[in-house]
Amino acid sequence: MNEWKNVWILAEVSQGKISPTAYELLTAGKSLAEDLGEKLCAVLLGKEVKKLAQDLFDHGAEVVYVCDAPELENYIDDIYAKTLNGMIQAYKPNKFLLPATNLGRSLSAKTAIFAATGLTADATEVVINKEDGQLHATRPTFGGNLMATITCARTRPEMCSLRPMSYPRAPKTEGKNGEVVEFAFDGQKYTSLAKFLKFIKSEGEGLDLSETDVIVAGGRGVGKAEGFELLGKLAARLGGAVAASRAPVDNGWIEYRRQIGLTGRTVKPKLYIACGISGQIQHMAGCSGADVLVAINKDPDAPIMKMAHYAVEGDLYEVIPAMLEALDK
Ligand SMILES: Cc1cc2nc3c(=O)[nH]c(=O)nc-3n(C[C@H](O)[C@H](O)[C@H](O)COP(=O)(O)OP(=O)(O)OC[C@H]3O[C@@H](n4cnc5c(N)ncnc54)[C@H](O)[C@@H]3O)c2cc1C
């Protein structure tokens, strides 16, 4: 066990850029590394990604492990997981945090299997237990009614995927120094039966939920897919993005990646406007971190009306046009 040292985070790269989750993981990882007296390290996988290392140093990484290879240009889970396991066996990290994004969820599970270690998936908080130095990862369970703290006592690294937006982004200080460790890609070993054909960006998406401080979310009360166009107008007027509770996603009115909540995304915007959403615990699990919560609901007794900073009683099809008119003035 003593051979395994340092805290790693995976810096996910999307379309040649570091994803914001990397900076959140650096915040979470920093406190773990400080408590353990170990180094905070980041991992970069991809094609022509070495140049991104400086940005990770500027956000607090002390060491960046890089595997830069043309074969890693596009994400294929087998190839990435085998490469990551190769790095784990070579450098023996103690703790390893990955983002619970689509890519991170798939990659963390597969890597944990190759590395024969444990993974706490989808955690919202990580701490070091002062008595034994173990990672305690906490995540909602039983439909969000309980928080479970999970450990991985007998194997290393202790792996964990952390929900995006569970931690603030690490601050940037330009020009910081760090060490780059290059890991050679082994084309004989890191193989897959899957082949990358092409990248297709989904249509009509507007802003991504992680890119904005304002979210306009719709629930079952929106009533139909077309209703989200009205929410889209308000979101566009406020420079924000559209999201939803589970009901509209289940009804096929909006795509799953816009779902907020326990089985969707966790967000921490400055402003969250919930339209026709009742405020069930599974939904609130994803948005209760908003600085300001506004609820628009016909029912004054809906649970969300008590949780909101501003509760607007009314039909969203009257309230939103009135808001748009007021904003235009
Ligand atoms: C294990 C598990 C995981 C889950 N995960 C999630 C999750 O990730 N995210 C999630 O959201 N849910 C999740 N759910 C479902 C959750 O329990 C609720 O069923 C769901 O959040 C309800 O969505 P809603 O508020 O849009 O609908 P409802 O509860 O039906 O509320 C609709 C609201 O709209 C109001 N309304 C109706 N018409 C209008 C109008 N014209 N103008 C204004 N207001 C109007 C009504 O008064 C009502 O308050 C999960 C459930 C389980 C069991």
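In each ligand, atom 1 is the first atom listed, and ligand 1 is the first ligand listed.
Per-residue contacts place Gly264 under 4.0 angstrom from the following atoms of ligand 1 (heavy atoms of the residue considered): 8 (O). The contact set between ligand 1 and Gly261, taken as ligand atoms under 4.0 Å from a residue heavy atom, comprises 7 (C), 8 (O), 9 (N). Of all atoms in ligand 1, numbered sequentially from 1 with element shown, those under 4.0 Å from a heavy atom of Gly276 are 26 (O), 32 (C), 33 (C), 34 (O), 35 (C), 44 (N), 45 (C). Contact atoms of ligand 1 toward Gly219: 26 (O) (distance under 4.0 Å to a heavy atom of the residue). The contact set between ligand 1 and Leu316, taken as ligand atoms under 4.0 Å from a residue heavy atom, comprises 40 (C), 42 (N), 43 (C). Short contacts between ligand 1 and Thr263, defined as distances under 4.0 Å to a heavy atom of the residue, involve ligand atoms 3 (C), 4 (C), 5 (N), 6 (C), 7 (C), 8 (O). Near Asp315, meaning under 4.0 Å from one of its heavy atoms, ligand 1 places the atoms 40 (C), 41 (N), 42 (N). Here is the list of ligand 1 atoms found below 4.0 Å of a heavy atom in Gly314: 42 (N), 43 (C).
With hydrogens and angles left out, the side-chain atoms of Ser192 and Tyr80 include no donor and acceptor closer than 3.5 Å. Looking only at atom types and distance, the side chain of Arg163 has a donor-acceptor partner in the side chain of Thr266 under 3.5 Å away. No side-chain donor-acceptor contact under 3.5 Å links Ser166 and Thr124.
Looking at Lys95 and Glu158, a side-chain N of the basic residue comes within less than 4.0 Å of a carboxylate O on the acidic one, giving a salt bridge.
The shortest distance between side-chain heavy atoms of Ile9 and Val43 does not fall below 4.5 Å.
For ligand 1, the polar-atom distance check against Tyr317 finds no nitrogen or oxygen pair separated by under 3.5 Å.
With distances taken over non-hydrogen atoms, the option nearest atom 48 (C) of ligand 1 out of Val319, Asp299, Ile304, Asn297 is Asn297. Nearest-residue assignment for atom 20 (C) of ligand 1 (options Gln282, Met284, Gln259, Gln280; heavy-atom criterion): Gln280.
In this structure, Phe96 and Trp8 have perpendicular ring planes: the angle between them is above 60°, well past the 30° mark.
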Next on the checklist: Show, in sequence, the C-alpha distance, side-chain angles and deciding distance for Glu12 and Thr101, and conclude whether the side-chain hydrogen bond (donor to acceptor under 3.5 Å, both in side chains) test is met.
Outcome noted: CA-CA 9 Å; Glu12 184 176 328; Thr101 52; 2.7 Å; yes
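Here Ile260 has backbone heavy atoms under 4.0 Å from ligand 1, and that is the only part of it that gets that close. Residue contacts with ligand 1 for Arg220 involve both N, CA, C or O and side-chain atoms from C-beta outward (heavy atoms, distance under 4.0 Å).
Evaluation of the salt bridge (charged side-chain N to carboxylate O under 4.0 Å, His left out) test over residues 74-87, restricted to residues two or more places apart or in two chains, returns Asp77-Lys110, Asp78-Lys110.
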Cut-off 3.5 Å, no hydrogens considered: what does the side-chain donor-acceptor table look like for residues 213-227, sequence neighbours left out?
{"from": "Asp213", "atom 1": "OD2", "to": "Lys270", "atom 2": "NZ", "distance (Å)": "3.4"}

